[in-house]
Amino acid sequence: MLDIRRLRETPETVKTLLAFRGPGYEAMVDEVLAVDSQRRANETRWQHLQAERKNLSKQIGVLRAKKEDSSALEEESKKLGAEMESIQAASAEAEEKQRDLLLSIPNTPHDEIPRGSDASANPVLRTWGDPPKIDQAQDHVAIGTRLGLFDPERAAKISGSGFICYTGQGARLERALISFLLDLHTRDHGYTEMSPPFLVNRATMTGTGQLPKFEADLFGATESDLFLIPTAEVPVTNFHRDEILSVDQLPLKYAAYTPCFRREAGSTGRDTRGLIRMHQFDKVELVKITTPETSAAELESLTADAERVLQLLGLPYRVIELCGGDIGFGACRTYDIEVWAPGHNGWLEVSSCSSFGDYQARRMALRYKGADGKNHLCHTLNGSGTALARLYVALLENGQQPDGSVHLPEILHPYFGAAKLTAA
RNA sequence: GGUGAGGUGGCUGAGUGGUCGAAAGCAGAGCUUUGCUAAAGCUCCGUAGGCCUUAAAACCUACCGAGGGUUCGAAUCCCUCCCUCACCGCCA
């Protein structure tokens, strides 16, 4: 959520930045400002009436204590009450409308991010590693089914399309990856491990920005008004919602493994084959809560922490920066990490590292008490460290051997208990 | 799921219809006294919004789990919901 004061004071700057995302946001800013001035006018009037009424009530109390007649004052107070009620209705409506509008305006992008309307304008910042030379590379579905690592047909039977069931050594590999990633980030990168709930309430989803705008993308448990998390970012960032942290606690760094549940509404038919786009997938997520002064540097180190995963696994990757038209709703700056997948002859997004500035923090009233003794909004960041399913794809496709087996990176051997995947 | 007891400021904890944003204590900040330490005394110390503004203060309003209701007036009375604790039942 953007600061309404910032909108009032520098509307043109906000409009200019929002225009990085595309057209149409100017009208939203104007609308929220109109509602805001209406709301404040109502509120001020109401407050004056209330002050007057409070004063009358006190006088009534004094008269009654002295057993004197107070009926005239009571009558007057009643009249005030009636007028207040009508103002109250208009005021409450304006307030709700303002909040809805504010929650629906995306974050202002950082002014240094690349301009562009879609993913084709995202610049490649750096590339690491060399793609392996593989004759007639198979894709991960062919490799996985041949080696019995997972079973798409039976997963579809028990849940539907868009789900996978890992089996045998395939399931063991998934578990090995989770352990490897959590160990790496907690031992080497200084993150605190978290294992949060997978179902969260409406306030939590609103705090990180999924609600109210993207309810259609979520799986919900409507009877109890709970939602399945689309990423661990949601429960972990909201862990400190409505808190005032001490500045010397910061930055807070959390790593969490969770499954992620996404309806993928609007993407039916895309990437339907295999593990690339599913309604449920595993991910290890990194979350940071920082001060405004350090958030920029923390985004760089967060991205480096995610890149380290691919370096240790020896998987070729590249880092791109998202342009204005491609950046997510709440983010002000985002780096995506894409791993090379020989079977697809293309790059797969395995991590998205973003800074949200104070956008999420304002939504969830996440603050810290600074050295000046005053409260300030924190900055929040998160990045995948990394998505498991696509990492899995990359491991199979990059590690495939002419004899049909798959060689695993050495660092995984102790976690997996073997050096390669072979047919059972 | 049932029954009972509760949810008040960073914490503890008073307050059952009228100058209550809320006693007191603890913690915290500042000052005074004291040769240091210790101790004592005094002062300050919640959040958000509005108004006015260069800004702040002052001032006004809201907030005693959340939302409704009763009343001239609600932390206080009524209703609904949420959460915590205890016991019972059930259960991985």
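Every chain is numbered from 1, with letters handed out A, B, ... down the list of sequences.
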Can you list the residues that meet the side chain to side chain donor-acceptor pair (under 3.5 Å) rule with A:R146, with sequence neighbours excluded?
A:Q138
Which residues satisfy the side chain to side chain donor-acceptor pair (under 3.5 Å) test with A:D111, sequence neighbours excluded?
none
Quick one, [X] and [Y] - any side-chain contact, counting heavy atoms below 4.5 Å?
X      : Y      : answer
A:E300 : A:Y335 : yes
A:L49  : A:E83  : yes
A:K15  : A:D30  : yes
A:E233 : A:F356 : yes
A:D69  : A:L63  : no
A:L2   : A:P106 : no
A:C323 : A:I113 : no
A:L366 : A:R241 : no

Flag this pair as yes if the NZ/CZ of A:R115 is under 6.0 angstrom from the six-membered ring centre of A:F20 and inside a 45 degree cone about the axis; otherwise no.
yes
Contacts of [X] that satisfy side chain to side chain contact (heavy atoms under 4.5 Å, CB included) - sequence neighbours left out:
X      : result
A:T44  : A:H48
A:H407 : A:Q401, A:S405, A:K420
A:P123 : A:P114, A:E321

Once pairs are restricted to Watson-Crick or G-U wobble with both distances under 3.5 Å, how does RNA chain B read as a dot-bracket string, [ ] for crossings and | for other-strand pairs?
((((((((.[[[..)..(.....]]].((((((.....)))))).(((((........))))).[[[[[..)....]]]]])))))))....
For A:K78, report the nucleic acid contact type (base, sugar-phosphate, nothing); a contact means any heavy atom under 4.0 Å.
sugar-phosphate
If we take the [atom1] atom in both [N] and [M], what is their distance in whole Å?
N     : M     : atom1 : result
B:U71 : B:G18 : C1'   : 12 Å
B:C44 : B:A22 : P     : 13 Å
B:G49 : B:A39 : C1'   : 44 Å
B:U16 : B:C77 : P     : 9 Å
B:G4  : B:C11 : P     : 30 Å
B:C64 : B:G25 : P     : 24 Å
B:G2  : B:C60 : P     : 48 Å
B:U53 : B:C63 : P     : 28 Å

A:R39 vs A:E74, nearer the 5' end of RNA chain B by closest nucleotide:
A:R39
Residue mapping more 5' on RNA chain B - nearest nucleotide basis, A:N375 or A:K54:
A:N375
Can you give the donor-acceptor pairs under 3.5 Å from side chains of residues 408-416 of chain A to other protein atoms, not counting sequence neighbours?
| from | atom 1 | to | atom 2 | distance (Å) |
| --- | --- | --- | --- | --- |
| A:H413 | NE2 | A:L408 | O | 2.8 |
| A:H413 | NE2 | A:P409 | O | 3.4 |
| A:Y415 | OH | A:D183 | OD2 | 2.7 |

At a heavy-atom distance below 4.0 Å, what parts of [range] sit against RNA chain B?
range                       : result
residues 60-68 of chain A   : A:I60, A:G61, A:R64
residues 2-12 of chain A    : A:R5, A:R8
residues 199-212 of chain A : none

Can you list every pair that meets ring pair (Phe, Tyr, Trp, His ring centres under 6.0 Å) and has a residue in residues 259-291 of chain A, with sequence neighbours left out?
A:F163-A:H279, A:F219-A:H279
Walking along RNA chain B from 5' to 3', note the first and the last nucleotide with an atom under 4.0 Å from a heavy atom of chain A, and give both.
B:G18 to B:G73
